[in-house]
Amino acid sequence: MSEYTDDIAEMIADLPVSYVIGATTYTGTIGTVDKGNDLTEGGFLDDVDAVLIAKKSDHGTLPAIGSKLTLDSVVYRITRITTTPADNAEVRLALQDATQ
């Protein structure tokens, strides 16, 4: 393993969260959570976005953009997937509350 891969593993071990894609449970960590209200035609709607950081090696194949995952009993839609060039070790999943 590289130092970068070790750092990601340590970060996840320090602040772990479990998330489910399909029937598989994974462990990652939350990078950011943004909560707010969006003004729509029907009024204000809660808007929750998050960035989940995980080890790419934990995923046999990466989920597709638009896939749903469950984190802390909230269903999110994956809106963006970012991988790192360094050892291709990290994957960041940008999430949006699936009710939006």
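Owing to the predicted nature of the structure, the values given are computational and were not obtained by experimental measurement. Hydrogens, waters and symmetry mates are skipped; everything else that's a heavy atom, side chains included, is used.
- Of all the heavy atoms in S67 and A64, the pair that sits closest is OG-O, 2.7 Å.
- You'll find the side chain of L52 reaches within 4.5 Å of the side chain of I30, heavy atoms only.
- Counting heavy atoms from C-beta on, the side chains of V91 and I81 come closer than 4.5 Å.
- Side-chain atoms of I78 and K68, non-hydrogen and from C-beta on, never get closer than 4.5 Å to each other.
- In this structure the side chain of L93 reaches within 4.5 angstrom of the side chain of L69, judged on heavy atoms.
- Using a 4.5 Å cut-off between side-chain heavy atoms of Ile, Leu, Val, Met, Phe, Trp and Tyr, with links allowed through other members, V51 and L95 fall into different hydrophobic clusters.
- Rounded to the nearest 0.5 angstrom, R92 CZ and I53 CD1 are separated by 3.5 Å.
- Between T83 and E90, every side-chain heavy-atom pair lies at or beyond the 4.5 Å cut-off.
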Residues 8-26, side-chain donor-acceptor partners within the protein, below 3.5 Å, at least two apart:
residue, atom, partner, partner atom, Å
Y19, OH, H59, NE2, 2.8

